[in-house]
Amino acid sequence: MSIAALARPEVRDLKPYEAAAQVEGTIRLNANEAPWSGSDAFRRPLNRYPEIRPAGLRETLATRFGCPTSKLLVTRGSSEAIDLLIRVFCRTGIDSIVVTSPSFSMYAHYARIQGAALVSVAGDPDNNFIPNPDDLLAACTDTTRLVFLCSPNNPTGGVLPRSVIERLLRARAERSVVVVDEAYIEFSNERSTAELLGQYPNLVVLRTLSKALGFAGARCGAVLGPEGVIDILSAVQAPYALSTPVVECVEDALSGEGIDIAAQRVAEIIAERDRLAAELAKLRMVSKVWPSSANFLLVRVHNAETVMAATREAGILLRHFGGELSGCVRISIGSATENQALLDALRTLDVDGAANE
Ligand SMILES: Cc1ncc(COP(=O)(O)O)c(C=O)c1O
C-alpha cells in the first residue's frame with residue numbers, strides 16, 4: 001500500500017489545476033496576461049505567470065537535497081510544507097498528529113487550523129529533550145496520520161538519533177507518515193534522512209533555505225517524499241506558488257560561489273555557537289546551556305524576565321517561551337559583533353546581580 005492512500009479522500013484523487021499552456025517561442029494569448037512587462041529587473045518577464053512548478057529549481061533542489069526530482073516539491077518555506085501535509089492527511093475532527101515537546105510550534109498551529117488533534121510527547125530535559133521512542137509509539141493511534149520529528153530540534157538544538165527515527169518509520173509503516181524536519185541540519189554533523197527515502201515509503205523530509213543558506217526572506221523550501229505523496233501535495237498547493245523574483249534569486253543563490261560562501265558562513269556560525277555557549281556557561285545567571293546542533297542555543301537562566309527586559313533595553317531581542325521553558329531563553333547565533341554585544345549586556349547584568357536570583 002502506498003502511504004498516499006492515507007490522504008483525505010477529498011484530495012486523494014484531486015486533479016492538478018489546469019493552467020494555460022506555457023510554450024517557449026509562442027505568442028501567448030491564453031492567460032490574460034499583459035503584453036508588456038512592468039519591470040526588466042529579472043531574466044524572465046514579469047508580465048508572464050511563472051512556471052506552475054519551477055522545473056529548473058526543482059531539479060537543483062533535488063540534487064542538493066539528495067533525491068530524485070519526482071520525489072520533491074518546492075514550497076514557500078517549509079512552513080507551507082507543514083500546512084500542506086496537515087491539510088492533505090488530516091480529516092477535521094477525526095485525525096491527529098503526534099509531536100514532541102518542546103518543538104516547533106507551527107505543527108500545532110496548522111493542526112489547530114485544520115481541526116486535527118494534537119498529541120504531544122515530552123522529551124527529558126536531562127537527556128537533551130530527546131523523547132523516549134516507546135512514549136512516541138504509545139502516543140500513536142489508528143488516527144495518527146503524521147508524526148513530526150524535528151532534528152535538530154527547535155528550540156532545544158538536540159538531534160534525534162537515527163535509530164529512533166528508523167524505529168518509528170518501521171513501527172508506523174503503512175499507518176502514519178513520519179515527517180523529519182531538517183530545517184537546521186546544515187549546522188549539525190548528521191546526514192540527511194533523505195538517503196532513507198528509498199527504504200521507507202512512509203518517510204517525508206522537510207528542508208528549507210531559510211537558515212543555513214540565509215534566504216528566509218525568499219520563502220523557499222522543499223518537501224521530499226514518495227511520488228504519490230508529492231503528487232497530492234502538488235495538486236493542493238496553489239498554482240504559480242513561487243514567484244519569478246524568488247525563483248531567480250534562489251537559482252542564483254544555489255549556483256556557483258553562493259554555495260561556497262554559505263558553507264563558510266555555516267562554519268562561522270558553528271564556531272560562534274560554541275564560543276557563545278562556553279562564555280554563557282561562565283555567567284552566574286546561567287544554570288544550563290543545552291548542547292546545540294543548530295544555529296541557536298537554549299539557555300536556562302535564573303530570571304528569564306529580567307534577562308529579557310535587560311537585553312531588550314540594550315537593543316537585543318531574544319526569544320522567551322512559556323510553559324515548560326518559562327525559565328529559558330533561546331538565543332539565535334548572530335555575527336561575532338552581535339554575539340559580543342549580547343555577552344557585554346549579559347555580563348553587565350551578571351555583575352549587577354539582578355538576574356542572579
Ligand atoms: C524546525 C523548523 N521547521 C520549519 C521552519 C519554517 O521555516 P521556513 O518556513 O522559513 O522554511 C522553522 C522556522 O523557524 C523551523 O524552526
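Every number for a ligand or one of its atoms is a count from 1 in the order of the listing. Heads up: numbering here begins at 1 and tracks the sequence.
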Are there any protein N or O atoms under 3.5 Å from the N or O atoms of ligand 1? List them with distances, or say none.
{"unit_1": "ligand 1", "atom_1": "3 (N)", "unit_2": "Asp181", "atom_2": "OD1", "d": "3.3"}
{"unit_1": "ligand 1", "atom_1": "3 (N)", "unit_2": "Asp181", "atom_2": "OD2", "d": "2.6"}
{"unit_1": "ligand 1", "atom_1": "7 (O)", "unit_2": "Ser78", "atom_2": "OG", "d": "3.4"}
{"unit_1": "ligand 1", "atom_1": "9 (O)", "unit_2": "Ser78", "atom_2": "N", "d": "3.2"}
{"unit_1": "ligand 1", "atom_1": "9 (O)", "unit_2": "Ser79", "atom_2": "N", "d": "3.0"}
{"unit_1": "ligand 1", "atom_1": "9 (O)", "unit_2": "Ser79", "atom_2": "OG", "d": "2.4"}
{"unit_1": "ligand 1", "atom_1": "9 (O)", "unit_2": "Arg219", "atom_2": "NH2", "d": "2.8"}
{"unit_1": "ligand 1", "atom_1": "10 (O)", "unit_2": "Ser210", "atom_2": "OG", "d": "2.6"}
{"unit_1": "ligand 1", "atom_1": "10 (O)", "unit_2": "Arg219", "atom_2": "NH1", "d": "2.9"}
{"unit_1": "ligand 1", "atom_1": "10 (O)", "unit_2": "Arg219", "atom_2": "NH2", "d": "3.4"}
{"unit_1": "ligand 1", "atom_1": "11 (O)", "unit_2": "Ser78", "atom_2": "N", "d": "2.6"}
{"unit_1": "ligand 1", "atom_1": "11 (O)", "unit_2": "Ser78", "atom_2": "OG", "d": "2.9"}
{"unit_1": "ligand 1", "atom_1": "11 (O)", "unit_2": "Thr208", "atom_2": "OG1", "d": "2.5"}
{"unit_1": "ligand 1", "atom_1": "11 (O)", "unit_2": "Ser210", "atom_2": "OG", "d": "3.4"}
{"unit_1": "ligand 1", "atom_1": "14 (O)", "unit_2": "Tyr184", "atom_2": "OH", "d": "3.4"}
{"unit_1": "ligand 1", "atom_1": "14 (O)", "unit_2": "Lys211", "atom_2": "NZ", "d": "2.8"}
{"unit_1": "ligand 1", "atom_1": "16 (O)", "unit_2": "Asn154", "atom_2": "ND2", "d": "2.8"}
{"unit_1": "ligand 1", "atom_1": "16 (O)", "unit_2": "Tyr184", "atom_2": "OH", "d": "2.7"}

Are Arg76 and Gln237 linked by a side-chain donor-acceptor pair shorter than 3.5 Å? no
Donor on one side chain, acceptor on other, Arg170 and Gln199, under 3.5 Å: no
Please check if Leu276 and Ile270 belong to a single hydrophobic cluster, counting links between Ile, Leu, Val, Met, Phe, Trp and Tyr side chain heavy atoms closer than 4.5 Å. yes
With sequence neighbours left out, what residues match Arg112 under salt bridge (charged side-chain N to carboxylate O under 4.0 Å, His left out)? none
Ser151 and Glu190 side chains, donor-acceptor separation under 3.5 Å: no
Are Leu137 and Ile97 connected, step by step, through hydrophobic side chains (Ile, Leu, Val, Met, Phe, Trp, Tyr) whose heavy atoms are closer than 4.5 Å? no
